[in-house]
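What follows is a short report on a single structure.
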2 protein chains.
Amino acid sequence: MTSRRVLTGSKQVSLEVIKRLSSYLRDLKTLENNGVTVVSSGSLAELLGISSVQFRKDLSYFGPFGKKGVGYNVCTLTAKLTELLGAGDCMGFALAGAGKLGSAIIQYSSLQRFNIKIMAAFDSDRRKIGKKIDGLVVADAKDMETTVRTMGLKIGVICVPAKAAQQVAERMASAGIIAVLNFAPTEIKILKKVHVSNVDICVEIEALSYFVRQSAT
Amino acid sequence: MTSRRVLTGSKQVSLEVIKRLSSYLRDLKTLENNGVTVVSSGSLAELLGISSVQFRKDLSYFGPFGKKGVGYNVCTLTAKLTELLGAGDCMGFALAGAGKLGSAIIQYSSLQRFNIKIMAAFDSDRRKIGKKIDGLVVADAKDMETTVRTMGLKIGVICVPAKAAQQVAERMASAGIIAVLNFAPTEIKILKKVHVSNVDICVEIEALSYFVRQSAT
DNA sequence: TTATGATTGTGAAAAATAGAACAAACATTG
DNA sequence: CAATGTTTGTTCTATTTTTCACAATCATAA
Ligand SMILES: NC(=O)c1ccc[n+]([C@@H]2O[C@H](COP(=O)([O-])OP(=O)(O)OC[C@H]3O[C@@H](n4cnc5c(N)ncnc54)[C@H](O)[C@@H]3O)[C@@H](O)[C@H]2O)c1
Ligand SMILES: NC(=O)c1ccc[n+]([C@@H]2O[C@H](COP(=O)([O-])OP(=O)(O)OC[C@H]3O[C@@H](n4cnc5c(N)ncnc54)[C@H](O)[C@@H]3O)[C@@H](O)[C@H]2O)c1
């Protein structure tokens, strides 16, 4: 894993921390909906399946949010984390490859609750172009650069076959995309300033297989 | 991230290493198909977007596979890694939630090339039960325990809504599943001996959003 | 055959991450 | 109000992961 780090004031925080903060926020929202008003790092950590120190440590990169002897106000902390992660204003993204996985993601309703919204989807297959998925019309991949640039999109999700992934990523980058979530089972080599997160389901399952086989002996 | 470790002989190797080995194997197969017979850690690392030391170090946990001054025989290394990861014999898995994401995974053809095969899919929705997806008939979630146990499946993939994930995971565990890939945006609390890998796409994109916003300033 | 250059494998150093420990702050109870 | 118990925030310590540095090995070409 290439550990990219992000500046926050004077400190540097790893994206791993950011991902955890995001999952904290996710569960805090659930608590909020359940009417919980105050929570301690201990009980929240138990909910999250992590240690309470890790929770407090992660928060500490961004300042004190709790009250000693009491815990955290769920509402306040939710608001602070939302602001911190910039999850308040909607972030749009572009998706390439409106196939099986791509369609699922287009229709992935949870993204809305995260203020993440798909703004454009592209495909090179004539049978896919023009198709309406969940209200979004799939556009011609040829128009990707123009549209992405016009809309000012910064995040790209790659759901095209492996052999097309590199080229698609490059085109996205040239259109102003600076962060990519890649589902294709291949590594993308691209400008340093573009951040690439890979999710390779085959690799995930293969690793689990290894674990299973080890457990068997 | 809970860092689970696996025994190999006397050494302990983290699952992160295993995942990387899996991605090495993935790219080695591509090289093999392209007729490349010998490769150095340097050129392969460049292909993988990592450092050559990391590649060699990862391999070193399992023994020497290369020839000094020359490099690695692609064919041999592929075979060794395949054996090491146990990727030679097919590993079956069970999937819960044959919805949008679940269907995409059922139809995910690349898994076959990894010798990973879906053996059973379950859903609780009457409209989904009995449906044939890519030749596989979706079974009633009620029968999950029995079927999973009978088939001796060890890996479970969770594609059900968040609120059902915990219960589904527990039922999988009770049926003998010891490794779970969870796509639901919630943490699963379960017996220590069951390994849970989480893939939360919302969290991934939210982290990218943070990166994007940071880059803007 | 002998130098030269390339590349591996690994112990040791460095960096990053996680964890423990504890003082400071607050609430509560008597 | 004082004593006690709780919980945070943070420093310090331990562990894990990554990177460096280099001896050992091999091919090649003089
Ligand atoms: N199906 C899954 O569950 C799954 C899971 C994980 C990863 N993936 C990966 O995601 C990618 C897509 O998988 P899928 O199952 O949806 O395949 P798919 O064939 O259903 O979809 C791929 C789509 O990409 C389009 N495409 C091809 N080249 C393109 C280009 N240059 N520009 C724009 N669009 C292009 C195709 O027309 C097609 O619609 C693959 O790399 C696959 O390995 C799939
Ligand atoms: N759609 C995506 O691209 C996407 C991406 C990442 C994660 N996810 C997550 O994956 C999960 C599924 O997402 P989806 O978009 O496919 O939703 P979906 O509603 O299309 O599918 C969920 C399926 O689970 C079934 N189900 C519900 N309870 C069940 C139970 N107890 N046992 C068995 N089956 C049950 C439902 O009948 C449905 O068919 C959700 O947790 C979602 O957050 C989805």
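Source: prediction; values computed, not measured. A note on names: the letters A, B, ... follow the listed sequences, proteins ahead of strands, and every chain is numbered from 1.
For the residue pair A:R113/A:S110, the side-chain donor-acceptor check at 3.5 Å is satisfied. Looking at A:T150 and A:T147, their side chains never bring a donor and an acceptor atom within 3.5 Å of each other.
Of the side-chain N and O atoms in B:Y61, none sit less than 4.0 angstrom from OP1 or OP2 of D:dT18. Contact annotation: B:S41 reaches the phosphate of C:dT8 (side-chain N/O to OP1 or OP2, under 4.0 Å).
To the nearest angstrom, P of C:dT17 lies 12 Å from NZ of A:K19. Rounding to whole angstrom units, CG of residue A:L77 and P of D:dT8 are separated by 11 Å. As a whole-Å value, the separation of A:Y72 OH from D:dT7 P is 11 Å. Straight-line distance from the CG atom of A:D58 to the C1' atom of D:dG9: 13 Å, rounded to whole Å. Rounded to a whole Å, the NZ atom of B:K68 is 14 Å from the P atom of C:dT7. The separation between B:R56 atom CZ and C:dA12 atom C1' is 15 Å, rounded to whole Å. Distance, A:F65 CZ to D:dT7 P: 20 Å, rounded to whole Å. Between the CD atom of A:E16 and the P atom of C:dG19 there is a distance of 14 Å, given to the nearest Å.
A cation-pi arrangement is not found for A:K19 relative to B:Y210, the charged atom failing to lie both closer than 6.0 Å to the ring centre and inside a 45° cone about the ring normal.
Residue B:F55 is the one, among B:F55 and A:V53, whose nearest nucleotide of DNA chain C lies closer to the 5' end (criterion: closest heavy atom). With the nearest nucleotide of DNA chain D identified for both A:P64 and A:G69, A:G69 has the one nearer the 5' end.
The side chain of B:S40 sits closest to C:dT7 out of C:dT10, C:dT7, D:dC26. When distances are taken from the side chain of A:K67 to each of D:dC20, C:dC26, C:dA18, the shortest belongs to C:dC26.
Between B:Y108 and A:F183, the ring center distance fails the sub-6.0 Å criterion. Aromatic rings of B:Y72 and B:F55 (six-membered ring for Trp) have centroids within the 6.0 Å cut-off, being under it.
No hydrogens or angles were tested; on distance alone, a donor-acceptor pair under 3.5 Å links the side chain of B:K57 to the base of C:dG11.
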